[in-house]
Amino acid sequence: MADEKELRYDPATIEQKWLERWAADPKLYAAEPATSNRPKYYVLEMLPYPSGQLHMGHVRNYAIGDALARQMWMRGYNVLHPMGWDAFGLPAENAALKNNTPPREWTLANIAAMKRQMLRLGLSYDWATEVATCLPEYYRWNQWFFLRMVEKGLVYRKKSKVNWCPECATVLANEQVVNGCCWRHEDTLVEQRDLEQWFLRITAYAQELLDGLDKLDGWPEKVRTMQRNWIGRSEGTEVDFGLEGSPKKIRVFTTRVDTIFGATSVQLAPEHPLIKEFAASDAKLKEQVEKLLEEQRKAREEGDVGAIEKHGVPTGRFAINPYSGERVQIWVGNYILMDYGTGAIMSVPAHDERDFEFATKYGIEIRQVIQPVQDKDGATLLPFCSEDGVLVNSGEYDGKTCAQAQKLLQESATLQGFGEAKVIFRLKDWGVSRQRYWGTPIPMIHCERCGLVPVPDEQLPVILPERIEITQQGGSPLGRVPDFVNATCPRCGGAARRETDTMDTFVDSSWYFYRYTDARNTKVPFDPVTAQYWFPIDQYIGGVEHAILHLIYSRFWTKMMRDLGMIKNDEPAQRLFTQGMVIKDGAKMSKSKGNVVSPDDMVARYGADATRMYALFAAPPDRDLDWQEDGVAGVSRFLGRVWRVVTKHAQLAKSASARAAAPNGRDLRRTPEGNPTEVKLRRKLHQTSAKITQDFTGRWHFNTCVAAIMELVNELQNADAQLTSGEVSAPAVGELLRTLVLLLAPFAPFLAAELWEELGEDGAVLRAPWPTSDPELAKEDEIEIPVQINGKLVNVVKVPAGSDAKGIEAAALADEKVRSRTAGKNVAKVIVVPGRAVNLVVK
RNA sequence: GCGGAAGUGGUGAAAUGGCAAACACACCAGCCUUAGGAGCUGGCGCCCAAAAGGCUUGCGGGUUCAAGUCCCGCCUUCCGCACCA
């Protein structure tokens, strides 16, 4: 009875044993220093927010990274595989309100819990480099970078309209507004408020951030496209229209200055300063403008901007076209945005769809000034928006192509001083102020005499006070801590007030991966030499939801650090992989859908190996993954078969004769010899290892890697009798089982460690060399060739491997079925693809 | 509206232009008994009683000796962007 239990694969016991062993060996997953003679490989998974619970999306993300890291170790690389915590942020404050737990305590407890879960999963992180962004040892460097950016003129403060989430009671960056709602509160509409804010000048890098995308060919095209759209570069012209009866000018931005002779009105945004001016002396206009503004706000908040019906009112004022001197009405329109371009446009109804719609509605003149190159004679269907035409009704510019006219008009504007060529970006500067407690204090001091004064480096870190009452009232919580607020001005020594806003948490995650390379440095954020050894990251892995936020900020930060002379690389990550979502019952796993599967449950029932391996087996990593518990059970049963087949024959594999003939299973004869089963099994083995290596290095289809291991194990199982009887030689058994375990190691590290030991091997399987495949042994000696007649499959013939076209053709023509089908017919042509197929063209 | 990805058995999926459905899950039949979330054997796209045969990768065309794969048009689903002047 007692022995029987041992015949069962028991993941709980095996995994517990190895957890203890690994815990006793903290250097197991440590990278070698930069002096290592192995090639470096930096594999990184996006650091999680410490919510306290891993979810399946994390498990999938980390299973992918871990399989890669382990395989790279086995292939001889010096691997850096770190993990950390994106530990600042609002949930800690909410938890404090709810449970009366200090944010720091709550966060650290969550980190401890999630770390336990990660350890339980057997993830190969070097915890010596662990980083938690909420600790002063980390966030002091956020402050340090902030000061460097102040010096570089990359920080400024301005009062501006900002996105305000009433739920978070704080400001959001543009990137954090999703469909008009808060990215953390999908149902909470974002409001616009006027506030003094700190901004980072990310737009200084707009062009470089855009250009760099072309070189990031290791990034998914999807992410690059999203970033391009977000940066939104647009080439055009700025032109000053005159304001009738005033020396003032109205500057408009247009990408189609060639259509300017067709401008029949000028449209201003409701928030345009001139509109305010007009409205001041015109109560009726004021009322109308407010209505337009309200419509615009509503549409923006509903995320339905494109669908809003265009409205506008004439202001009664007129603008003067600087090229023609023509006088056109000035309107205010609800479809004009103040925060793009100049907040003013020239309206050319004949050549712009929106302007056309507007003009049609209000009976504004529609004047064609571009004649399409095609259908020169017939009436043009307006609006005609293509640039494939020539100018008409445009004075001296008539007959020019659109491109020629744009150039000439720009030159003329520059010459006469009423305009110029201009490139504008949709990307806005990064507002980093947050009126929250649990974040990095912004290291600035407000002095009544000296103004804004940076905190000197030697006074860093500006420590976030820990004893603080979290309340729900608005405004920065730090403002209610006198010990924090009251400061001495570093410049004049007088009494001053400390800045009470904290930094956006995306600052934390913009550079954390550099800190990993030198995580305990107390002098500088990281040692440049060490960082240069590891950077750029060879493979970054995470969810596509960070395509714009985190990934654009990180690129900016890297360029900024490069310009500080701290690093040499222009981009943080060479390759980026975005894994698919974890789905259950047709929907993304989420608490609100009630379809969450707990990783702890899975690990408890099936073990960490089975849980991780299922996450890799059920779909290729870039696709969405449908979580089916039966599938996990299936993988667990498979691991049981592996366990049985290896333990059953382990004695033979490590027998004296097997070792003597083939230490490590490596020196076996390199030509296929032995009894047919042995030849067949070794062939399958070498085919499997070739396939896995290929799928691993090439296209990252871990699901087919796992399937290949399953096929191998199925063959071993089918040959159980021959293995038991000794028909297969001991050295061959040794090679088979050892290699199987090595191939399994990146996917099921616990079982691999256990079986590696079972096979009598010392040392970590992680440090054993990755199996190489011998093409000679992998080669089939007979292959099946499908024979088609007119493209239809008729039969399959066997020919010796390496048969030439002639031999294959002969075999095909000799086949019974083929002969009966071709009898009495004319075989017009025979196409032979050696090793692949034969097709007979029969008439 | 624009851009991207995807559409293959009951399910997850596989297939350098060359035998569609590997590997699994579920299901069915049988064996085993320590009655388990265990193990083993076999079956499992559709039509046909079976065999023979035929049909089959969202729909319609095309290229090719040969198309799930390449090209054109359409449909559906998901994702991103969306008055960006």
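On a predicted model such as this, the values are computed, not experimentally measured, just so you know. Chain naming here is simple, since letters A, B, ... match the order of the sequence lines and numbering starts at 1 in each. The basis for the numbers below is simple: all heavy atoms, side chains too, and nothing from hydrogens, waters or symmetry mates.
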Please give, in whole Å, the distance from B:C81 P to A:L427 CG? 15 Å

Nucleotide nearest A:M710 (side chain, heavy atoms from C-beta), chosen from B:C65, B:C19, B:C23: B:C23

C1' atoms of B:G12 and B:A21, separation to the nearest Å: 13 Å

Can you find a donor-acceptor N/O pair under 3.5 angstrom joining the side chain of A:Q788 to the base of B:C19? no

Any side-chain N or O of A:R641 under 4.0 Å from OP1/OP2 of B:A24? yes

Could you give the distance separating B:C75 and B:A85 at their P atoms, to the nearest angstrom? 28 Å

Looking at A:Q628, does any N or O in its side chain come under 4.0 Å of the phosphate oxygens OP1/OP2 on B:A24? no

Whether the A:Q227 and A:R555 side chains hold a donor-acceptor pair (N or O, under 3.5 Å, no angle test) is what I'd like checked. yes

Just how far, in rounded Å, is P of B:G39 from CH2 of A:W643? 13 Å

Would you call A:R605 and A:D600 a salt bridge, taking side-chain N to carboxylate O under 4.0 Å as the test? no

Of B:G37, B:U16, B:G12, the nucleotide closest to the side chain of A:R699 is B:U16

With sugar-phosphate meaning primed atoms plus P, OP1 and OP2, does A:E784 contact a base, only sugar-phosphate, or nothing at under 4.0 Å between heavy atoms? base

For the pair made of CD in A:Q579 and C1' in B:A5, what is the distance, rounded to whole Å? 16 Å

Does a donor on one side chain sit under 3.5 Å from an acceptor on the other, for A:Q628 and A:D626? yes

Got a sec, which pairs hit ring-ring contact (aromatic ring centres under 6.0 Å, His included) with one end in residues 334-353 of chain A, sequence neighbours left out? A:Y335-A:F358

Could you state the atom-to-atom distance from CD1 of A:I789 to C1' of B:G18 in whole Å? 16 Å

Taking only side-chain nitrogens and oxygens of A:K792, does any of them come within less than 4.0 Å of OP1 or OP2 of B:C55? yes

Using a 4.0 Å heavy-atom cut-off across all strands, classify A:G634 as base, sugar-phosphate, or nothing. sugar-phosphate

Heavy atoms under 4.0 Å, any strand shown: does A:F638 hit a base, just sugar-phosphate, or nothing? nothing

Any base atoms under 4.0 Å from A:R224, or only sugar-phosphate, or nothing? Heavy atoms, all strands. nothing

If pairs are Watson-Crick or G-U with both distances under 3.5 Å, what is the dot-bracket string of RNA chain B, marking crossing pairs with [ ] and pairs to another strand with |? (((((((..(((.....[....))).(((((.......))))).(((.....)))..(((((..]....))))))))))))....

Starting at CG of A:L625 and ending at C1' of B:A13, how long is that distance when rounded to a whole Å? 11 Å

Of A:V239, A:D240, A:V266, which meets side chain to side chain contact (heavy atoms under 4.5 Å, CB included) against A:I250? A:V266

Got a salt bridge between A:R228 and A:E221, using NZ or NE/NH1/NH2 to carboxylate O under 4.0 Å? yes

With a 4.0 Å cut-off on heavy atoms, is A:N790 in touch with a base, just the backbone sugar-phosphate, or nothing at all? nothing

What interatomic distance, in whole Å, is found between C1' of B:A20 and the corresponding atom of B:G73? 25 Å

Does some side-chain heavy atom of A:T255 sit less than 4.5 Å from a side-chain heavy atom of A:E235? no

Judged by each residue's nearest nucleotide on RNA chain B, which is more toward the 5′ side, A:P786 or A:E711? A:P786

Counting only side-chain heavy atoms from C-beta out, which of B:A15, B:G18, B:C40 sits nearest to A:A837? B:G18

Whole angstrom is fine here: how far is it from CZ in A:R426 over to P in B:C81? 8 Å

Any A:S234 side-chain N or O less than 4.0 Å from OP1/OP2 of B:A85: yes

Say you pick atom C1' in B:G9 and the same atom in B:U57; how far apart are they, in whole Å? 10 Å

Heavy atoms under 4.0 Å, any strand shown: does A:D355 hit a base, just sugar-phosphate, or nothing? nothing

Would you mind classifying the nucleic acid contact of A:A633 as base, sugar-phosphate or nothing, using non-hydrogen atoms under 4.0 angstrom? nothing

Residue-phosphate contact under 4.0 Å: A:N703 side-chain N/O, B:A24 OP1/OP2: no

Does a side-chain N or O of A:R623 approach OP1 or OP2 of B:A14 to a distance below 4.0 Å, or not? yes

With a 3.5 Å cut-off and heavy atoms only, can you find an N or O donor on one side and an acceptor on the other between the side chain of A:R8 and the base of B:U34? no

Within less than 4.0 Å of OP1 or OP2 of B:C2, is there a side-chain N or O belonging to A:N229? no

Between the side chains of A:Q267 and A:S265, does any donor sit under 3.5 Å from an acceptor? yes

For A:E295 and A:N334, test the side chains for any donor-to-acceptor distance below 3.5 angstrom and give the result as yes or no. yes

Quantified in whole Å, what is the C1' atom distance between nucleotide B:A49 and nucleotide B:A5? 46 Å

Residue mapping more 5' on RNA chain B - nearest nucleotide basis, A:Y614 or A:V841: A:Y614

Is any side-chain nitrogen or oxygen of A:R637 closer than 4.0 Å to OP1 or OP2 of B:C25? yes

In terms of the angle between their ring planes, are A:F261 and A:Y323 parallel, tilted or perpendicular, with boundaries placed at 30° and 60°? tilted

Do A:N839 and B:C65 share a donor-acceptor pair, side chain to base, under 3.5 Å? yes

For nucleotides B:C71 and B:C19, find the distance between their C1' atoms and express it as a whole number of Å. 25 Å

Consider the side chain of A:A707, meaning its heavy atoms from C-beta on, and name the nucleotide among B:A22, B:G18, B:A15 that approaches it most closely. B:A22

State yes or no: are the ring centers of A:F638 and A:Y9 separated by less than 6.0 Å? no

Residues A:D815, A:R819: salt bridge by 4.0 Å N-O rule: no

Integer angstrom distance from the P of B:G53 to that of B:G17: 31 Å

Could you tell me how far apart A:I709 (CD1) and B:A22 (C1') are, to the nearest whole angstrom? 15 Å

Within the 4.0 Å heavy-atom criterion, would you say A:Q717 contacts the bases, only the backbone, or no part of the nucleic acid? sugar-phosphate

Out of B:A24, B:G39, B:G18, which nucleotide sits closest to the side chain of A:R836? B:G18

When the P atoms of B:G58 and B:A67 are compared, how many Å lie between them, rounded to an integer? 15 Å

Just to be sure I understand the rule, does A:N714 reach a base, reach only the sugar-phosphate, or reach nothing, if contact means heavy atoms closer than 4.0 Å? sugar-phosphate

Between P of B:U34 and CG of A:D10, the distance in whole Å: 20 Å

Please classify the glycosidic conformation of B:G68 as syn (within 90° of 0) or anti (everything else). anti

